[in-house]
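Working notes for the structure below.
Since the structure is predicted, the reported quantities are computational estimates derived from the model, not experimental observations.
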Amino acid sequence: MLEIIVTLVLELVKCLAPPTERQLVYLRWRNYNANLENLKAEMEKLKLERTSIQRRVSEAKEKGEEIEEKVEKWLVSANSIIDRAAKFIEDEESTNKRCLKGLCPNLKTRYQLSKKAETEVKALAVLGEEVKKFDIVSHRTIPEEIWLKSNKGYEAFESRVSTLKSIQNALTDVNVSIIGVYGMGGIGKTTLVKEFARQAREKKLFDRVVFSEVSQTPDIKKIQGEIAEKLGLELSDEVEYRRASRLYERLKNENKILVILDNIWKHLDLETVGIPFGNDHKGCRLLLTARDNNVLLSMGSKDNFLIGNLNEEEAWRLFKIMIGDDVDNCKFKSIAINVAQACGGLPIALTTVARALRNKSLHEWKNALRELQTPSMVNFEGVPAETYSSIELSFKYLKGEQLKKIFLLCSLIGNSFWFTDLFRYSMGLGIFQGVNRMVDARNKLYALLHELRDCCLLLEGDSIEQFSMHDVVCDVAISIACREQHVFSVRSEVVWEWPDEDALKKCYAISLLYSSIHEVSEELECPQLEFLLIHPKDSFVEVNIPDNFFKGMKKLRAVDLTGMRLFSLPSSIGLLANLQTLCLETSMLGDIAIIGKLKNLEILSFTSFDIVRLPDELGQRTKLRLLDLTGCLQLKFIVPNILSSFTRLEELYMANCSIEWEVKKANSERSNASLDELMHLRRLTTLEIDVKNGSILSDGFFSKKLERFDISIGDGSFDSSMLLGRTGFKVGRTL
């Protein structure tokens, strides 16, 4: 009855007072119900939109991207209004409260709630429209270098403070665009300029600081890439001069930027790299470090500062810090002081010797002092005698042959190297005796590398998978390797010659890095050779290796021809019965089926290989423990049951391959490999693979006990959190 009365009143008000009618319409029961239903519908729609945005935000965070501020604010608003609407609906029963002992609806409450529901519906709809504008929810961030955030490892010696002040004065002078710091290797130039950069950022002298190590073997593309990455600039894999132009234009957009080029050995053309300087861009300041002042002068740097050795007091202070013991109160303090003095005030000598002698006996301290005071070499390619002796002494004090072998091997594969490469060479050379599983060998190698780092003989790289060596340490290590292991090493040489026949017959390892190589001699008689590493300077030049090249290398255990564009793989490689590690890269014009003859092959890497079909002969290599096909974009076919024949396989890498995986069906022949074959590999602990369609994964596929994995499905990646209690070494987007 009351609803009829309300309707009659509304009709009357509509005629007499239209504005009032718009207010009283909230009292109508059907309007009230409609507003509630609209509220529920809009809330559910907004929940779906929120879920979608939250998923995109999670994906972006996993990639290390920063979320747009407007997206974060939208999520806050969406959460708030959804909570409000849910609470409103939950309390909706209050609209049915009646007065007069239930005989009369509470019109005041109905009016208020109906109007509020309509308001909330509009607010929900507005947020729903806003989300349609979010084409992107995040943007790439440029992570700041760790050393820019902390001065860990830097000691503020008095002799360095004045130099820091001079550098600051020079770089804040509007008329100066390039300055340099020079001094012998190991003197602390890099440490000093990094500390200046940290202080400069703290004082807001520069908006950006970018750092790149030039090194003895300048790689222009690498330098360009390092600078571009810190600017958030993506450089495509094009020719150097085009990359230089793009980098040049990008740097000109920066108002106050400091570019540090560290460890320059010879003249570097800044225009070739793409770095503006001087009148071209006065907002771009360059800070260079080199061993030779003439190199800095040739690059236009007039204000150059010499870094000298530490004085006795500073040297003793650093030595005590590195020892980590209470040397002042120990019984051989006087000998320790003499040892520190014998290091000549050179930081790298002080740190390596101090770490080598930690917890050593008095006899060992006395012997160390004697060796430092009577160095075996007067001078080694610019390395002072005391420095050479200190690093050699540190090498002698390394515990065990494994650690010494790893240290020398590090020096043969470059100043900066990847853990993966070192691991594969170490396995091939049989360095880890008594370690059966590859995952255990990995842990062992990490432990050894960290021990070398703690001894100051190794440095951490830009990632946990990368390590580096100080140039001086690397030079001394190569010298030791040449003397003790008969190693032949060539780096960054345009013209060089093979050793004589007698020297080659004694060779244990040959390392040719970043050097010109266009043709290899007919045959090298190297009966003792176990390790061969050739990384040419130009990977685009085709190199002809004759068929009989490997004939005289019967003991070879590890071969890496990465970066070589070969006419064909020499047939004599099939004679290498002891070969356990083989790494190849880029395209090869000839047949690679010869690899099927390598009976003891355990590690095979075909990264970025231009092959469409995996050789059938490879199925005979049942001893394979690691197979890497990463980046073989053309690889589409693998003969069925080849993968399942690798019963000893522990690590399989097939990211960025185009395998057209087939589904295994009863009583039907297949023309390609099936993912079910991987289920037969009982030793498999590491898997990296791309699957275009997740539906071909069998139900029991993820029951595999993987310890490290990256399973990419479609355009996304499988979420490793679905495998409880296991560790994924790369977690990307979920499909």
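- R491 and N415 share a side-chain donor-acceptor pair at under 3.5 Å.
- A donor-acceptor pair shorter than 3.5 Å cannot be found between the side chains of Q580 and N600.
- Pairing each heavy atom of C456 with each of T352, the nearest pair is O-CG2, 3.6 Å.
- When the shell of 6.0 Å around NZ of K360 is examined, it contains more than 12 heavy atoms from other residues, nucleotides or ligands.
- Between S411 atom OG and I478 atom CD1 the span is 5.0 Å, to the nearest 0.5 Å.
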Start with the C-alpha distance between S361 and E364, add both sets of side-chain angles, then the distance that settles side-chain hydrogen bond (donor to acceptor under 3.5 Å, both in side chains), and finish with yes or no.
CA-CA 5 Å; S361 66; E364 290 170 304; 3.1 Å; yes
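- Side chain to side chain, S572 and N548 fail the donor-acceptor criterion of an N or O pair below 3.5 Å.
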Determine, step by step, whether H363 and N367 satisfy the side chain to side chain contact (heavy atoms under 4.5 Å, CB included) criterion, reporting the C-alpha distance in whole Å, the side-chain angles of both residues, the deciding distance to 0.1 Å, and the verdict.
CA-CA 6 Å; H363 299 292; N367 181 64; over 6 Å; no
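- Below 30°, between 30° and 60°, or above 60°: for W496 and W498 the angle between ring planes is above 60°, a perpendicular geometry.
- Residues L556 and N578 are not in side-chain contact: their nearest non-hydrogen atoms beyond the backbone lie 4.5 Å or more apart.
- Panel note: side chain Q485, backbone C482; no donor-acceptor pair is recorded below 3.5 Å.
- Proximity of a side-chain donor or acceptor of R708 to a complementary backbone N or O of T685 within less than 3.5 Å is not detected.
- Applying side-chain contact (heavy atoms from CB on, under 4.5 Å) to K505 and the options P527, P499, C526 leaves one that passes, P527.
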Would M654 and L652 satisfy side chain to side chain contact (heavy atoms under 4.5 Å, CB included), going step by step from the backbone distance to the final call?
CA-CA 7 Å; M654 299 184 68; L652 176 61; 3.8 Å; yes
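- Looking at M438 and F432, their side chains never come closer than 4.5 Å, going by heavy atoms from C-beta outward.
- In terms of heavy atoms, G186 sits closest to V472 at N-CG2, 4.0 Å.
- Here the closest non-hydrogen pair linking E213 and N263 is OE2-ND2, 3.1 Å.
- Taking 4.5 Å as the limit, every side-chain heavy atom of L504 sits out of range of all side-chain heavy atoms of L529.
- For the residue pair L635 and L614, the shortest heavy atom distance occurs at CD1-N, 3.6 Å.
- Rounding to the nearest 0.5 angstrom, the gap separating the CZ atom in F606 from the CG atom in L584 is 6.0 Å.
- When ring centroids are compared, F531 and Y425 come within the 6.0 Å threshold.
- Side-chain contact between L649 and L627 is present, with at least one heavy-atom pair separated by less than 4.5 Å.
- Judged as a side-chain contact (heavy atoms from CB on, under 4.5 Å), and not counting sequence neighbours, the contacts of A356 are S394, Y397.
- When atom types are taken as modelled, the side chain of D421 and the backbone of F417 share no donor-acceptor pair closer than 3.5 angstrom.
- Defined by atom type and a distance below 3.5 Å, a donor-acceptor pair is missing between the side-chain atoms of D292 and W265.
- Residue E602 forms a salt bridge (charged side-chain N to carboxylate O under 4.0 Å, His left out) with just one option from R625, R424, K623, and that option is R625.
- Partner S426 forms a side-chain contact (heavy atoms from CB on, under 4.5 Å) with one of I431, L448, T581 and no other, that one being I431.
- At least one donor-acceptor pair under 3.5 Å links the side chain of K189 to the backbone N or O of G183.
- No side-chain heavy atom of V490 sits under 4.5 Å from any side-chain heavy atom of L513.
- To the nearest 0.5 angstrom, I510 atom CD1 is 5.0 Å from C507 atom SG.
- Within the model, atoms CG of N656 and CG of L629 stand 12.0 Å from one another, a figure rounded to the nearest 0.5 Å.
- Scanning all heavy atoms of the two residues, the minimum distance from N672 to P640 falls at O-CG, 3.5 Å.
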Could you go through the side chain to side chain contact (heavy atoms under 4.5 Å, CB included) check for I659 and K636 one step at a time?
CA-CA 4 Å; I659 303 296; K636 294 184 178 180; 5.7 Å; no
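- Interatomic distance, CD of E226 versus OG of S212, reported as 3.5 Å (0.5 Å rounding).
- Taking the side chain as every heavy atom from C-beta outward, E651 and R442 approach each other to under 4.5 Å.
- Salt-bridge check for K222 with D219: failed, with every basic side-chain N at 4.0 Å or more from each acidic carboxylate O.
- Heavy atoms of other residues, nucleotides or ligands lying less than 6.0 angstrom from NZ of K404 number more than 12.
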Please test L445 against I406 for side chain to side chain contact (heavy atoms under 4.5 Å, CB included), starting from the C-alpha separation and ending with a verdict.
CA-CA 8 Å; L445 182 56; I406 291 296; 3.8 Å; yes
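- Under the 4.5 Å side-chain criterion, counting only non-hydrogen atoms from C-beta, F467 is not in contact with L459.
- A heavy-atom distance below 4.5 Å is found between the side chains of M553 and L524.
- Side-chain N/O atoms of S605 and Y653 include no donor and acceptor closer than 3.5 Å.
- Dense packing is recorded around CD of Q466, with more than 12 heavy atoms of other residues, nucleotides or ligands lying under 6.0 Å away.
- Taken to the nearest 0.5 Å, the CG atom of L512 stands 12.0 Å off from the OH atom of Y514.
- Between the side chains of D628 and T607, no donor N or O sits under 3.5 Å from an acceptor N or O.
- Considering all non-hydrogen atoms of both residues, L569 and I595 come closest at CD2-CG1, 3.7 Å.
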May I have the step-by-step check of side-chain hydrogen bond (donor to acceptor under 3.5 Å, both in side chains) for K555 and Q528, ending in yes or no?
CA-CA 6 Å; K555 280 192 175 182; Q528 303 302 318; 3.2 Å; yes
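- Judged by distance alone, the side chain of E240 and the main-chain N or O of I220 form no donor-acceptor pair under 3.5 Å.
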